[in-house]
Amino acid sequence: MHTSSYFVFAILALLISGTNADLPSQPGQYLSLANQYLAPHNAARAALRLGPLVWDTRLERYAEWYADNRREDCNLKHSNGPYGENIFWGSGSGWSAAQAVAEWVSERKWYDYYSNSCADTGDCGHYTQIVWRDTKRVGCASVTCDDGDTFTTCNYDPPGNFVGERPY
């Protein structure tokens, strides 16, 4: 495994671990909510030597608006808006920002750069949106739905995942 891969996994493990007594007792005690989303995004990008994403409050507001619209049903339906978009559903309300992003980043195992496609057994579009070379900005939001589950969305500008184009 390459050094950069170890770096990504170390960052992700630190962010999603909730059992280490040295970690803050409240999510965000050390990292702002924006940085809880940005850190795992940018760790995945750094592993590929891509520039970091920056937090965009306009995208955050859009994500908040859309997450709020999913609060009633928590359905994994895309907003079909003008931005790239990743959506996540988690059972229960205990999902952190970093855990949602880590789920998307874990799709890396399904992406084959040489064929520029996902393996037959898995989805990788969330991952490729995160590492889309031309994407510069991100904004995210999460809600606890009426049924107690979690809905998270991140929006990306410029969007990625254009058919026939490689993400990086």
Side-chain angles (χ1 to χ4, degrees), residues 1-19 34-56 59 62-63 66-67 70 73-143 145 149-168:
M1 188 176 289
H2 294 93
T3 304
S4 60
S5 295
Y6 286 119
F7 173 75
V8 170
F9 293 122
I11 294 291
L12 290 175
L14 177 64
L15 288 169
I16 63 177
S17 171
T19 59
N35 284 329
Q36 290 176 51
Y37 285 107
L38 277 173
H41 273 91
N42 288 334
R45 293 176 65 85
L48 298 170
R49 296 189 171 102
L50 297 171
L53 298 178
V54 296
W55 191 256
D56 185 300
L59 295 173
Y62 183 86
Y66 189 63
R70 295 271 59 95
D73 60 20
C74 220
N75 284 342
L76 282 176
K77 292 170 50 177
H78 283 281
S79 69
N80 297 316
Y83 308 114
E85 184 172 70
N86 282 346
I87 55 178
F88 168 85
W89 169 88
S91 178
S93 62
W95 294 89
S96 71
Q99 287 172 313
V101 178
E103 286 291 316
W104 297 327
V105 171
S106 74
E107 293 177 3
R108 176 183 182 184
K109 66 183 171 273
W110 303 118
Y111 179 65
D112 178 23
Y113 180 82
Y114 298 103
S115 67
N116 191 32
S117 64
C118 302
D120 291 338
T121 57
D123 182 26
C124 64
H126 299 103
Y127 169 71
T128 56
Q129 175 58 79
I130 288 171
V131 297
W132 198 263
R133 173 184 292 127
D134 296 334
T135 297
K136 305 296 181 210
R137 295 170 295 283
V138 65
C140 306
S142 183
V143 295
C145 298
D149 291 340
T150 300
F151 180 89
T152 299
T153 181
C154 288
N155 293 96
Y156 304 86
D157 191 46
N161 285 343
F162 295 105
V163 175
E165 292 185 29
R166 293 185 191 280
Y168 51 89

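Note that these values count all heavy atoms, side chains included, but never hydrogens, waters or copies made by symmetry. Not measured: the values here are computed from a predicted model.
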Before you tell me yes or no, could you show the steps for W89 and E103 under side-chain contact (heavy atoms from CB on, under 4.5 Å), namely the whole-Å CA-CA distance, both residues' side-chain angles and the distance that decides it to 0.1 Å? CA-CA 10 Å; W89 169 88; E103 286 291 316; over 6 Å; no

For the pair H41 and Y156, name the ring-plane relationship: parallel under 30°, tilted 30 to 60°, perpendicular over 60°.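 The arrangement is tilted - the two ring planes meet at 30° to 60°.
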
Students often mix this up, so state it plainly: with edges at 30° and 60°, are the rings of W132 and F162 parallel, tilted or perpendicular?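 W132 and F162: perpendicular rings.
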
Provide the closest heavy-atom pair for [X] versus [Y] in the form atom of the first, atom of the second, distance.
X	Y	result
G94	T150	N-OG1, 4.4 Å
C74	F151	SG-CB, 3.7 Å
Y62	S79	OH-OG, 2.9 Å
T135	G160	OG1-N, 4.3 Å
N116	R166	CB-NH1, 3.5 Å
I130	L53	O-CD1, 4.4 Å

Has K109 got more than 12 heavy atoms of other residues, nucleotides or ligands less than 6.0 Å from its NZ?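 Enclosed: over 12 neighbouring heavy atoms sit under 6.0 Å from NZ of K109.
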
With sequence neighbours excluded, residues passing side chain to side chain donor-acceptor pair (under 3.5 Å) with T128: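 For T128 the side chain to side chain donor-acceptor pair (under 3.5 Å) partners, ignoring immediate neighbours, are N161.
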
For W110, all residues meeting side chain to side chain donor-acceptor pair (under 3.5 Å), sequence neighbours excluded: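 With sequence neighbours excluded, W110 shows a side chain to side chain donor-acceptor pair (under 3.5 Å) to no residue whatsoever.
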
Any salt bridge (Lys or Arg N to Asp or Glu O under 4.0 Å) pairs touching residues 149-164, not counting sequence neighbours?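 Sorted result for residues 149-164: R58-D157, R137-D157.
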
Taking the side chain from [X] and the backbone from [Y], do they hold a donor-acceptor pair closer than 3.5 Å?
X	Y	result
Y113	Y168	yes
Q129	N86	no
D73	N75	yes

Test L59 against Y83 for side-chain contact (heavy atoms from CB on, under 4.5 Å), laying out the working first. CA-CA 8 Å; L59 295 173; Y83 308 114; 3.4 Å; yes

At what distance, to the nearest 0.5 angstrom, does [atom1] of [X] lie from [atom2] of [Y]?
X	Y	atom1	atom2	answer
Y66	N155	OH	CG	10.0 Å
R133	R49	CZ	CZ	13.5 Å
I87	S142	CD1	OG	12.5 Å

side-chain contact (heavy atoms from CB on, under 4.5 Å), that's the test. Do Y37 and C154 meet it? Break it down for me. CA-CA 9 Å; Y37 285 107; C154 288; 3.9 Å; yes

No-hydrogen, no-angle side-chain donor-acceptor test under 3.5 Å, Q36 and S96: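 S96 and Q36 do not have a side-chain donor-acceptor pair below 3.5 Å.
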
